[in-house]
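Below is one structure; the comments refer to it alone.
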Amino acid sequence: MSPETTIDLEKAKEHFAKVMQEQIRRVSNISKSGEWLDYSKLKKITIGIAGGDGIGPIISRETMRVLNILIDEEISSGKLQLKQIEGLTLENRIKQLKPVPDEVMEELKACNVLLKGPTTTPEAGSGVPNIESANIAIRKAFDLFANVRPVRVPSQGIDWVFFRENTEGEYVLGSQGIMVAPDIAVDFKVISRPGAERIVRLAFEYAKRTSRNKVTVVTKANVIKTTDGLFLETARQVAKDFPDVQWDSWYIDVFSAKLIDEKRRREFKVVVLPNLYGDIITDEAAEFQGGVGTAGSANIGKRYAMFEAIHGSAPRMVREGRGEYADPSSLMRAAAMMLEHIGYTEKAIKLNKALDICTQYEAKLKITGRPDGATAHDFADYVIATITDPRLNVKWDSYQKNPPN
Ligand code: IPM
Ligand code: MG
């Protein structure tokens with residue numbers, strides 16, 4: 001940068017003031033967000049299914065086939081409705097230059113929960129208009145503050161549940177950073193006390209309710225002192241309300257190292273962490289279970305929830321003509337989380353057991369993402385056959401006792 005470069009600091013200050021005002025408004029709304037929706041009080045629950053981009057329509061189609069069989073009685077009796085939502089595509093987003101086209105947003109709002117296929121997020125500098133990610137826009141629009149991501153590998157003693165903060169951190173202003181000078185880029189990270197408190201509390205409540213009784217808080221509070229410092233300090237306060245739940249605090253660097261330490265990693269149970277760390281760590285964690293294609297994700301707010309795969313739309317697979325070989329088990333796991341969230345626990349358990357058998361215990365079909373592996377369609381047939389097998393519980397119990405290596 002030459003010394004003569006004039007820097008318009010006033011413009012940067014104005015931008016900063018504007019985005020901070022928005023943040024102050026957002027955070028003050030957190031405490032006004034009302035009670036949790038009680039799904040059992042709804043006469044009918046409408047489940048929206050949006051295919052998305054890339055491999056999204058393929059894995060959604062297969063998940064829908066499984067759901068239609070798993071909850072056929074509830075669909076016939078009108079208690080549950082599956083509603084296909086078209087139009088959440090990159091093409092439409094570019095047309096309207098909006099992360100979620102208006103008419104699609106209206107349809108999403110008319111549902112009680114959403115099962116969403118992956119959507120492509122344009123990258124800065126890729127030539128595609130720099131629209132915000134649809135995921136992030138939906139998370140923000142419905143205030144889906146908790147991103148819950150389980151990873152289980154019974155044969156290795158891995159049973160983790162990650163609680164990723166989903167509405168703050170580097171993400172909340174991720175598309176509103178500024179170039180304060182031609183050569184200086186600044187992004188923002190925002191963490192608020194109520195924002196940290198609600199996710200940490202949910203993690204502790206979950207640890208208590210499921211008798212896991214252990215929470216690990218992951219930050220980089222030694223370096224990122226203000227935001228991560230507040231997250232950790234909030235966790236310290238919340239922990240006092242849960243005397244029976246043990247907790248510890250780790251820095252993200254060494255935590256990610258310990259995840260590959262075979263003995264140490266078994267001790268982690270419930271993990272709570274700010275947004276970006278949660279994004280990165282959950283992809284790493286899913287790798288132990290067979291890759292991101294096997295992991296589901298729940299985005300939970302008090303009045304709405306969205307369930308999805310933890311991965312993206314895999315444009316490379318589609319470009320190379322391998323879309324039909326995508327692993328749909330990520331979205332099927334997400335569907336199980338959805339059924340549990342809306343009170344259909346038995347159905348969720350059934351689907352999870354079938355998926356354990358099909359992906360880990362028996363694993364008759366291997367999905368490799370390539371023509372040497374099974375297609376998403378064949379895999380869904382395998383899951384359907386497993387769900388409808390009267391010996392499902394017996395089979396699962398015996399595998400559970402003697403997990404194959
Ligand atoms: C995820 C994804 C998203 C994220 C992308 C698609 C915006 O990676 O759900 O983890 O970063 O949150
Ligand atoms: Mg991610």
Side-chain angles (χ1 to χ4, degrees), residues 50-57 59-60 88-90 93-94 98-100 114-126 128-151 160-177 187-191 195 199 218 252 256 259 271-301 304-318 326-327 329-331 333-335 337-338:
D53 309 304
I55 60 169
I59 62 174
S60 302
L88 187 60
T89 59
L90 183 60
R93 294 203 295 281
I94 293 174
K98 286 199 166 157
V100 178
L114 174 67
L115 188 63
K116 178 188 145 300
T119 39
T120 300
T121 304
E123 186 183 86
S126 62
V128 177
N130 200 12
I131 313 165
E132 187 182 44
S133 133
N135 289 41
I136 297 175
I138 296 172
R139 290 169 187 167
K140 279 189 198 167
F142 295 97
D143 199 20
L144 309 178
F145 66 93
N147 193 331
V148 185
R149 299 183 156 182
V151 170
W160 301 322
V161 184
F162 294 90
F163 281 74
R164 163 189 178 190
E165 200 296 317
N166 214 19
T167 47
E168 302 200 328
E170 289 85 345
Y171 276 62
V172 63
L173 293 171
S175 46
Q176 293 175 70
D187 268 312
F188 304 101
K189 170 165 178 166
V190 184
I191 286 185
I199 186 73
V218 178
I252 182 72
S256 54
L259 273 195
V271 181
V272 61
L273 63 190
N275 207 339
L276 181 60
Y277 306 143
D279 177 46
I280 298 166
I281 284 292
T282 52
D283 270 20
E284 183 195 355
E287 204 61 27
F288 298 109
Q289 185 183 266
V292 292
T294 64
S297 162
N299 298 266
I300 293 173
Y304 199 86
M306 163 177 74
F307 300 82
E308 58 181 350
I310 76 164
H311 55 75
S313 60
R316 194 193 325 250
M317 285 187 81
V318 177
D327 192 342
S329 65
S330 51
L331 201 59
R333 289 280 183 194
M337 296 180 87
M338 176 196 72

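Numbering of ligands and ligand atoms starts at 1, following listing order. Starting from 1, each residue takes its place in the sequence as its number. These figures come from a predicted structure and were not determined experimentally.
- The distance cut-off of 2.8 Å around the Mg ion (ligand 2) captures these protein N, O or S atoms, sorted by chain and number: D279 OD1.
- Judged by distance alone, with hydrogens and angles left aside, the side-chain atoms of N299 form no donor-acceptor pair with the main-chain N or O of L144 at under 3.5 Å.
- Nearest approach of A134 to P99, heavy atoms of both residues: CB-O, 3.5 Å.
- For ligand 1, the 4.0 Å heavy-atom shell takes in T121, S133, N135, R139, R149, R164, Y171, D279, I310, ordered by chain and residue number.
- Here the OG-CG distance, from S297 to N147, works out to 4.0 Å after rounding to the nearest 0.5 Å.
- Counting only N and O atoms by type, the side chains of T294 and D327 include no donor and acceptor under 3.5 Å apart.
- The heavy-atom pair separating L173 from D187 by the smallest distance is O-OD1, 4.3 Å.
- The aromatic rings of Y304 and F142 lie parallel to each other, with less than 30° between the two planes, well short of the 60° mark.
- Relative to the ring axis of F307, R149 does not place its NZ or CZ within 45° and under 6.0 Å from the centre.
- Listed for the R333 side chain is no donor-acceptor partner under 3.5 Å among the backbone atoms of E308.
- Between E168 and K189 there is no salt bridge, since none of the side-chain N atoms of the basic residue sits less than 4.0 Å from a carboxylate O of the acidic one.
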